[in-house]
Asker: 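This is the structure I have questions about; it appears just below.
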Number of protein chains: 2
Amino acid sequence: MTDQKLRTILQEHGLKATYQRMAVLEYLVTHKTHPTAEMIHEDLSNISLATVYNTLDKLIETGLIIAIDIHDDGKRHFDYYGEPHYHVINQQTSEIIDADNFDMAPLFEAARKASGLTITGYHIEVYGVKSENP
Amino acid sequence: MTDQKLRTILQEHGLKATYQRMAVLEYLVTHKTHPTAEMIHEDLSNISLATVYNTLDKLIETGLIIAIDIHDDGKRHFDYYGEPHYHVINQQTSEIIDADNFDMAPLFEAARKASGLTITGYHIEVYGVKSENP
DNA sequence: CCCCCTTATTAGAACTATTCTAATATATAT
DNA sequence: ATATATATTAGAATAGTTCTAATAAGGGGG
């Protein structure tokens with residue numbers, strides 16, 4: 001993804017297009033690894049950890065990325081959220097698999113009915129284990 | 001819920017029926033407040049915080065309760081999971097609303113297809129805000 | 001019914017992911 | 001180009017959770 005594209009995305013979401021934000025956003029766009037803040041900081045070694053956290057907070061506020069809490073490791077993982085999707089988590093390995101083969105609209109309608117709220121988003125994690133008989 | 005019932009539930013899930021576990025489980029069964037470990041510890045004042053955490057871990061392992069991470073407050077919240085349900089979270093107030101008016105079986109099937117795993121459970125949080133025009 | 005042994009509880013220390021501070025630097029509108 | 005509000009940073013601080021190791025208690029076997 002070009003710098004100009006990253007700059008535009010950030011500005012369209014009301015964020016100043018700093019070098020650090022462009023780098024963190026590009027990292028999340030191009031890595032499917034659901035990294036932690038520490039992992040991003042290690043790879044982008046010229047950006048401070050505080051800035052990684054600050055930037056992740058801003059990107060979450062805009063909805064560009066989401067956070068996933070894996071209870072196994074106690075760390076927050078982050079995921080670019082360009083297209084809505086959900087996560088399937090292997091309980092034996094903590095591997096996170098992206099999936100988008102399900103229409104969430106009926107769930108939104110059910111949630112609206114149950115709560116009276118205007119639905120703005122969702123986080124779905126489905127847990128599984130390796131099949132006994134593949 | 002009677003002590004005998006609590007004892008039976010714990011033993012059926014392979015856990016020793018200690019006073020502390022019965023108290024924590026009963027607390028979660030009877031409180032719809034999605035409490036944190038600290039809140040449980042404050043209310044059950046004769047049970048140590050370490051035991052509250054240990055017990056919550058054990059109850060999660062058995063599937064009797066689940067954890068919900070609210071990113072707003074950085075604390076883990078816990079919820080008795082006697083019947084499958086999902087959560088609608090008011091982003092303005094962090095209020096957690098239980099809802100069960102949606103059949104998750106099709107999502108399980110989609111997740112199985114996407115991952116090849118045998119699905120064992122799910123955590124769903126739907127986010128919303130107060131409607132503009134109620 | 002009472003041991004025995006495994007498992008649970010506890011207080012407090014330790015850990016660590018995340019947030020805060022306050023000084024410096026940078027983006028962007030004018 | 002300048003001003004100004006906003007962003008970055010290193011390091012300290014915070015706080016939720018986990019660990020330690022000593023004590024207590026559940027419950028199966030006799």
Side-chain angles (χ1 to χ4, degrees), chain A residues 3-27 34-62 64-79 94, chain B residues 3-4 6-27 34-62 64-78 94:
Chain A
D3 277 12
Q4 190 49 240
K5 187 78 198 284
L6 292 164
R7 186 181 303 277
T8 303
I9 292 174
L10 289 168
Q11 290 177 339
E12 280 176 353
H13 286 82
L15 300 179
K16 278 192 189 173
T18 64
Y19 163 76
Q20 291 85 347
R21 288 175 179 174
M22 287 164 59
V24 171
L25 178 57
E26 168 152 61
Y27 187 94
H34 307 92
T36 62
E38 184 57 39
M39 289 158 75
I40 297 169
H41 175 240
E42 277 172 19
D43 287 352
L44 304 180
S45 52
N46 51 340
I47 297 175
S48 79
L49 183 56
T51 295
V52 171
Y53 275 109
N54 289 341
T55 298
L56 291 169
D57 285 349
K58 288 290 186 183
L59 294 176
I60 286 172
E61 279 173 25
T62 66
L64 278 167
I65 70 171
I66 63 172
I68 312 163
D69 289 297
I70 304 275
H71 295 166
D72 279 7
D73 69 3
K75 292 169 200 156
R76 199 170 289 176
H77 291 247
F78 299 90
D79 191 14
S94 294
Chain B
D3 277 12
Q4 191 47 55
L6 291 165
R7 185 181 304 278
T8 303
I9 291 173
L10 288 168
Q11 290 178 338
E12 280 176 352
H13 287 82
L15 300 179
K16 278 192 191 175
T18 64
Y19 164 75
Q20 291 85 345
R21 287 175 181 175
M22 287 165 59
V24 170
L25 178 57
E26 168 152 62
Y27 187 93
H34 307 91
T36 62
E38 184 56 41
M39 289 158 75
I40 297 169
H41 175 240
E42 276 172 19
D43 287 352
L44 304 179
S45 52
N46 51 341
I47 297 175
S48 79
L49 183 56
T51 295
V52 172
Y53 275 109
N54 289 340
T55 299
L56 291 170
D57 285 348
K58 288 289 186 184
L59 294 176
I60 286 172
E61 279 173 25
T62 66
L64 278 167
I65 70 171
I66 64 172
I68 312 164
D69 289 298
I70 304 275
H71 295 167
D72 278 8
D73 70 0
K75 293 169 199 156
R76 199 171 289 176
H77 292 246
F78 299 90
S94 295

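To find a chain, count down the sequence lines: A is the first, B the second, and so on, and within it residues start at 1. Atoms considered below: every heavy atom in the structure, side chains included; atoms not considered: hydrogens, waters and symmetry mates.
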Asker: Supply the atom-to-atom distance A/Y53 OH to A/R76 CZ, rounded to the nearest 0.5 angstrom.
Answerer: 8.5 Å
Asker: Would you please test B/V24 and B/T51 for side-chain contact (heavy atoms from CB on, under 4.5 Å) and show each step?
Answerer: CA-CA 10 Å; B/V24 170; B/T51 295; over 6 Å; no
Asker: What nucleotide, of C/dT28, D/dT9, D/dG26, holds the atom closest to the side chain of A/R7?
Answerer: C/dT28
Asker: Side chain of A/K58 only, heavy atoms from C-beta on: which candidate in C/dT10, D/dA7, D/dG26 is closest?
Answerer: D/dA7
Asker: As a test of reading the structure: which of D/dT18, D/dT8, C/dT10 is closest to the side chain of A/R21, going by heavy atoms?
Answerer: D/dT8
Asker: Distance check, rounded to the nearest 0.5 Å: B/I40 atom CD1 versus B/I47 atom CD1?
Answerer: 9.5 Å
Asker: I'd like to know if the side chain of A/T55 and the backbone of A/V52 have a donor-acceptor N/O pair within less than 3.5 Å.
Answerer: no
Asker: Of all the choices, D/dG16, C/dA11, D/dT8, which nucleotide is nearest to the side chain of B/S48 once you look at every atom?
Answerer: C/dA11
Asker: Out of C/dT9, D/dG16, D/dC19, which has the shortest distance to the side chain of B/Q20?
Answerer: C/dT9
Asker: Write down the distance between CG (B/L49) and P (D/dG16), rounded to a whole number of angstrom.
Answerer: 10 Å
Asker: Yes or no on side-chain contact (heavy atoms from CB on, under 4.5 Å) for B/E38 and B/L49, after CA distance, side-chain angles and deciding distance?
Answerer: CA-CA 7 Å; B/E38 184 56 41; B/L49 183 56; 3.9 Å; yes
Asker: With a 4.0 Å cutoff (strictly under), does any side-chain N or O of B/T36 reach OP1 or OP2 of D/dG16?
Answerer: no
Asker: Of B/K16 and B/I47, whose closest DNA chain C nucleotide lies nearer the 5' terminus?
Answerer: B/K16
Asker: Return the value, rounded to whole Å, for the distance between atom CD1 of B/I40 and atom P of D/dG16.
Answerer: 14 Å
Asker: For the side chain of A/T18, starting at C-beta, report the closest nucleotide among C/dT18, C/dT9, D/dT8.
Answerer: D/dT8
Asker: Write down the distance between CG (A/L56) and C1' (C/dT18), rounded to a whole number of angstrom.
Answerer: 11 Å
Asker: At under 4.0 Å between heavy atoms, what does A/A17 touch on the DNA or RNA strands: base, sugar-phosphate, or nothing?
Answerer: sugar-phosphate
Asker: Spell out, as yes or no, whether a donor-acceptor pair under 3.5 Å connects the side chain of B/H34 to the backbone of B/H77.
Answerer: no
Asker: Need to verify one output field. Residue with the more 5' nearest nucleotide on DNA chain D, B/L15 or A/N54?
Answerer: A/N54
Asker: Could you tell me the separation between the CE atom of A/M22 and the P atom of D/dA7, rounded to a whole number of Å?
Answerer: 15 Å
Asker: With DNA chain D as reference, determine whether B/D73 or A/Y19 sits nearer its 5' end, using the nearest nucleotide of each.
Answerer: A/Y19
Asker: Name the nucleic acid region contacted by A/N46, choosing base, sugar-phosphate or nothing; use a 4.0 angstrom heavy-atom cut-off, strictly under.
Answerer: sugar-phosphate
Asker: Calculate the interatomic distance between B/Y53 atom OH and C/dA11 atom C1'; express it in whole Å.
Answerer: 15 Å
Asker: Take atom CD of B/E38 and atom P of D/dT17, then tell me their distance rounded to the nearest Å.
Answerer: 10 Å
Asker: Kindly point out which of D/dT18, D/dG27, C/dT19 is positioned nearest to the side chain of B/D57?
Answerer: D/dT18
Asker: Quickly work out the B/L10 CG to C/dT7 P distance and round it to whole Å.
Answerer: 17 Å
Asker: Is the distance from OP1 or OP2 of C/dA27 to the nearest side-chain N or O of A/Q11 less than 4.0 Å?
Answerer: no
Asker: From NZ of B/K75 over to P of C/dT18, roughly how many Å is that when rounded to an integer?
Answerer: 16 Å
